Structure formats: structure tokens, C-alpha cells
Participant: 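Below: one structure in C-alpha cells.
No experiment lies behind these values; they were computed from the predicted model shown. Proteins come first, then strands; the chains are lettered A, B, ... in the order of their sequence lines, and each starts at number 1.
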Amino acid sequence: MNNSVEVAGLVVRRGGTTVLPGLDLAITAGSITGLLGPSGSGKTTLIRCIAGVQAVRSGTVTVLGEPAGSAANRARVGYVTQASSVYPDLTIEQNLRFFADLAGAEHDRIAEVLDAVDLAAHRRSLADNLSGGQRTRVSLAAALVADPQVYLLDEPTVGLDPALRRDLWHLFADLAHDGATLLVSSHVMDEAARCDRVLLLREGRLIADATPQGLRADAGTDDLDEAFLRIAERKAA
Amino acid sequence: MTRTFAMTRRVLQQLSHDPRSIVLILAMPSVLLLVFRYVYDSQPQIFDRIGPQMIGLFPFVIMFLVTSVTMVRERTSGTLERLLTTPLARGELIGGYALAFAVAALAQAALTTAFALGVLNLDIALPWALLAFAVLGAVVGTALGLLASAFARTEFQAVQFMPLVIVPQILLCGLLIARDQMPDVLYGLSWSLPLSYATDAFTELATSDAFSSDLLVDLLALVGFALAAILGASLTLRRRSA
């Protein structure tokens, strides 16, 4: 099977407005797919659909050949929400141990993951006492301990300094190299350059699905920000 | 089962980082009982009658509050949504919570019972039954707290469920006046409330020196309420939300 995620005719309404009016897309296994678009374009809603926690009006979302959110998929899909969702009143290590136990993962993995997100020195600190960027990484680490096949990462690099962002993108590349599928949302266009494929979302519609090179060529500019604007304007016209 | 215990350990670890809450949970019922004891200083026979009922009431109320607020905090912090994307089953989530607070309730009830018997000289023939009912009352409080939290969006709302869920039970449970002396409608209603069975049991324990069949009925009723509330809490927990 070549696609890890397949979305067909997905319609989602929230609070009386249609967030996703009918989306079709596929995400290739073992790759990094960037989900880009302005805030309010439906990125988080789409990720929640794939995680299986979003109430859906119609359409299907299939992950690894099974419906999104099925018991089998909950063991194979790691979802990291935009706001760090770990327990502020537990230490980093206690947080990771808890999520490892839920996934049935070995405790050896906790030390590896702490190194991967560069938090080993803080493992006995309460999550509450960490900086925003550190807490974001704890939240990511809580997904890493479960060693999922599909990662759904909602704006994982927001608020991180450039060096950390680079390190995390290296980590994402390693995960994809080892066979994992990553869907990474961002509203920073320059992060698109680090993805194998880019999905551009605007007002719940897919306005582009291409490689970063393809986007640049299509829009006739090397600047990805400019490329997004040109494509968006062309679609609106 | 592993995941249920992982939930339980996590909740207790969170509690262990909050010493003030531990002191409040463990010591508050004893302090309140002490006040009660001296309010009725001139009539110790009243304390002998009401004291056991208070031992049942305090853990019930405290655990209801602690549980509903903790659960709402889980909901608003985004960790609940994350938990619902993991292999953790809803029954394991709720069961893990119930077990954690049952452990806290056991410590609380043991301390309160020991204090009442040892320091306040409460005269009870069946201290172990008293302890068992106090724990059971706390577990019912926890279970109701889990259920109530499903209907609260914020911690502020959760706290306000206390007057809604707890106060009517205190009014109707037989603490203020024997239940059969109330109007028929209220008497009938009181049979549907768990605190009535707890109060019946503690009233009986104040005077009884053997474990009667009435006590067994109260025990089974409380277990039934706890299980029903836990089941209800699991069913009201929705994996998908709008």
C-alpha cells in the first residue's frame, strides 16, 4: 500500500459554518507532507479528522487501510496537538512514562526520546516549569515514545528558535527515513521547503498538492511565500 | 488493565506534586469532625448519633469536588483529546480515575475513622464496617464527580454542580430529619439518591453491634450507584467532538 492516509469527500461543519466543504487527498507512506495555509484554513480540523477525534458530516478518512480513529489506528497514529498537551504537574519523565505505558512501549525508549528532543537534562523538571518551546518538545516526545507509524503534528515548531527548528526537521527526516509517515502543519511557508510534498489549504479547499520544487515552478517564483500568494490569487480569480 | 493502572498511577503522581491538596484531603474531615464534636459538647449523645453520619458525608462531598474539577481540567487542557487518540479505552480512563481516587479515599477514611474513634472517643462497635462505608461513599462521590464533569465545560461550572448534585442529597438523606417523616414525594425521591443509603448505613452503625441485612442492602445499593455512575461517565465520554 502506497498511501498511509486517504481522504475522500470529507465534509466538516463546526458551529454552523462549513470548515471543510468536501476534501479529497492522499498522503504517501514514508514521507513528510507539509500542510500549509493561513490560520482558519482548516488545517487543525483536517488533522483532527485523521486522528479520529473530529465529528464528521460526511466522507471517509482511511488511515493505514482502516477508518481513522479505529482501535488499531489509535495504536499506530501519534497526534500532537497545537497547544502542548502534557500534564504540567508531572515531571517530563513521569509524563513520558505515562504515555509509554498507554502505548505498551518499553521504558528504554524514554531515554532515547529524551535525547532526540534534547531534554535529557530536564527530565526531572515539572512540565509547568519549562519554557513554551521545551513544553512543545515534551508534547512531541510523548508521541515519539509510542513509536507510531503515522505522525500528525499540528504546528510543532511554533515558538522555537532556528537551531531547534532545524534539529526537529532533522528528526522528522530521520523518522520518515525509518518508514514513518508525517503530516506536519505550519503557517510558515519556508518550512514547506523541508517537506517531500506540500498541501496548500485555503478556506477548507486544497489549492495545491505538489513538491516544493513543483510549487515554485508552477507559480514562477523561488519565494514560497510569494508562490502561495500567486496560487491563492489564481484560484480565487 | 495495565493502562488502567497507568492512569491510576499518573493521577496519584499528580496529586503527590500537590502537598496542599493532600493535606486538605487527608485532614479536612478530621478537623470538621473536631468542630462538630465541640459544637455538641454539652450533648455528647448527639455527637455519637451524628458523628458517624458526618464520617460518611465529608469524603462523599470532598471526593465529588476533587474528581469533577480534575476531570474538567483534563478536558480543558487538551490532554483528554490526546488520551482519546491513544489505545486507552474509555472504561480504562474512567476506571483509572475511580481507582486513584478510591486509594485517596481509603487513606482519608482510615485517618478520619481513626481520629473519630481514638481522639474523639466516638463509640462504634464495627469500626471496619464504618471504614468500608466511608470508602464506598467516597467512591460514589468520585463516580458522580466523573459523571457530572461530562456536563461541565469549565472548572467554574464543575464547582457549581455541587449545590445541584450534593445539596439536595444532604437535605433528603435523613441527616436533618428521619426520611419517613418527610412528605411522600420527598420520601420516594430520597430512595433514588445514594447518600440516603450511606446515611442509613451510618445511622445503623452508630447503634448496631452486628452487620445486619439492612447494612448489606445499603452496601449493595452504594456499589450499584458507583457502577452505574462509572458506566454513565464512560458512555457520556465521546471520542469525537465537533
Participant: In terms of heavy-atom proximity below 4.5 Å to chain B, should A/Ala71 be classed as side chain, backbone, both, or neither?
Facilitator: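 Neither part, no heavy atoms under 4.5 Å.
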Participant: With a sphere of 6.0 Å drawn around CZ of A/Arg109, does it hold more than 12 non-hydrogen atoms of other residues, nucleotides or ligands?
Facilitator: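 It does: A/Arg109 CZ has more than 12 such atoms within range.
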Participant: Tell me if the CZ atom of B/Phe5 is crowded by more than 12 foreign heavy atoms within 6.0 Å.
Facilitator: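 12 or below, so no.
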Participant: Find the one option among A/Gly52, A/Gly69, A/Ala143 whose heavy-atom pairs under 4.5 Å with chain B are most numerous.
Facilitator: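 Among the listed options, the one with the most contacts to chain B is A/Gly52.
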Participant: Take A/Asp89 and B/Arg73 through the side-chain contact (heavy atoms from CB on, under 4.5 Å) test and state the conclusion after the steps.
Facilitator: CA-CA 12 Å; A/Asp89 45 357; B/Arg73 224 169 51 166; 3.2 Å; yes
Participant: So, taking the atom named CD in B/Gln14 and the one named OH in A/Tyr87, what distance separates them when rounded to the nearest 0.5 Å?
Facilitator: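 If we round to the nearest 0.5 Å, B/Gln14:CD and A/Tyr87:OH are 6.5 Å apart.
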Participant: Please state whether the side chain, the backbone, both or neither of A/Leu126 comes within less than 4.5 Å of a heavy atom of chain B.
Facilitator: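 Contact with chain B is through the side chain of A/Leu126 alone.
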Participant: Only one of B/Arg3, B/Met7, B/Gln13 forms a side-chain contact (heavy atoms from CB on, under 4.5 Å) with A/Phe98, so which one is it?
Facilitator: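 Only one of B/Arg3, B/Met7, B/Gln13 forms a side-chain contact (heavy atoms from CB on, under 4.5 Å) with A/Phe98, namely B/Met7.
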Participant: At what distance, to the nearest 0.5 angstrom, does CG of B/Leu88 lie from CZ of A/Phe99?
Facilitator: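 With rounding to 0.5 Å, CG (B/Leu88) is 10.0 Å from CZ (A/Phe99).
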Participant: Quick one: what part of A/Val86 sits under 4.5 Å from any heavy atom of chain B, side chain, backbone, both or neither?
Facilitator: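 For A/Val86, heavy atoms of backbone and side chain both lie under 4.5 Å from chain B.
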Participant: May I ask you to test the B/Arg9-A/Asp101 pair for a side-chain heavy-atom distance under 4.5 Å?
Facilitator: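 Yes. Closest side-chain heavy atoms under 4.5 Å.
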Participant: What part of B/Arg239 is in contact with chain A, defined as an atom under 4.5 angstrom from a non-hydrogen atom: side chain, backbone, both or neither?
Facilitator: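 Both the backbone and the side chain of B/Arg239 come within 4.5 Å of chain A.
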Participant: Mark yes when over 12 heavy atoms from residues, nucleotides or ligands other than B/Gln157 sit less than 6.0 Å from its CD; otherwise mark no.
Facilitator: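 Yes, enclosed.
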Participant: Is there a side-chain contact (heavy atoms from CB on, under 4.5 Å) between B/Glu92 and A/Leu102? Walk through the geometry before answering.
Facilitator: CA-CA 10 Å; B/Glu92 291 173 326; A/Leu102 291 189; over 6 Å; no
Participant: For chain B, which of A/Pro148, A/Ala146, A/Ser139 has the most heavy-atom pairs under 4.5 Å?
Facilitator: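 Most pairs with chain B among the choices: A/Ser139.
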Participant: Checking heavy atoms, do the side chain of A/Ala75, its backbone, both or neither come under 4.5 Å from chain B?
Facilitator: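 Both backbone and side chain of A/Ala75 come within 4.5 Å of chain B.
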Participant: If I measure from the heavy atoms of chain B, does A/Arg48 come under 4.5 Å with its side chain, its backbone, both, or neither?
Facilitator: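 A/Arg48 touches chain B through side-chain heavy atoms alone.
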Participant: Under 4.5 Å heavy-atom distance to chain A, tell me which part of B/Glu74 shows up: side chain, backbone, both or neither.
Facilitator: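 B/Glu74 touches chain A through side-chain heavy atoms alone.
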Participant: If we only count heavy atoms from C-beta on, is the B/Arg82 to A/Val80 side-chain gap below 4.5 Å?
Facilitator: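 Yes. Closest side-chain heavy atoms under 4.5 Å.
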Participant: Please answer whether the main-chain N or O of B/Thr85 pairs with a side-chain N or O of A/Arg74 as donor and acceptor at a distance below 3.5 Å.
Facilitator: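 Not at all, since once roles are kept as given, no pair shorter than 3.5 Å links the two residues.
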Participant: What option among B/Ser241, B/Ser16, B/Gly78 has the most heavy-atom pairs under 4.5 Å with chain A?
Facilitator: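 Option with the top pair count is B/Ser241.
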Participant: Count the heavy atoms belonging to other residues, nucleotides or ligands that lie under 6.0 Å from CZ of B/Arg240, then report whether that count exceeds 12.
Facilitator: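 Yes, because the 6.0 Å sphere around CZ of B/Arg240 holds more than 12 heavy atoms from other groups.
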Participant: With a 4.5 angstrom heavy-atom cut-off, which part of A/Ala100 approaches chain B: side chain, backbone, both or neither?
Facilitator: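 Nothing of A/Ala100, per the 4.5 Å heavy-atom cut-off to chain B.
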Participant: Against chain B, label A/Ser84 side chain, backbone, both or neither, depending on which of its atoms sit under 4.5 Å from a heavy atom there.
Facilitator: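 The backbone, not the side chain.
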Participant: Is A/Arg13 close to chain B through its backbone or its side chain, or both, or neither, when contacts mean heavy atoms under 4.5 Å?
Facilitator: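 No part of it gets close to chain B.
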Participant: Measuring heavy-atom distances to chain A, does B/Leu83 have an atom under 4.5 Å in its side chain, in its backbone, in both, or in neither?
Facilitator: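 Only the side chain of B/Leu83 comes within 4.5 Å of chain A.
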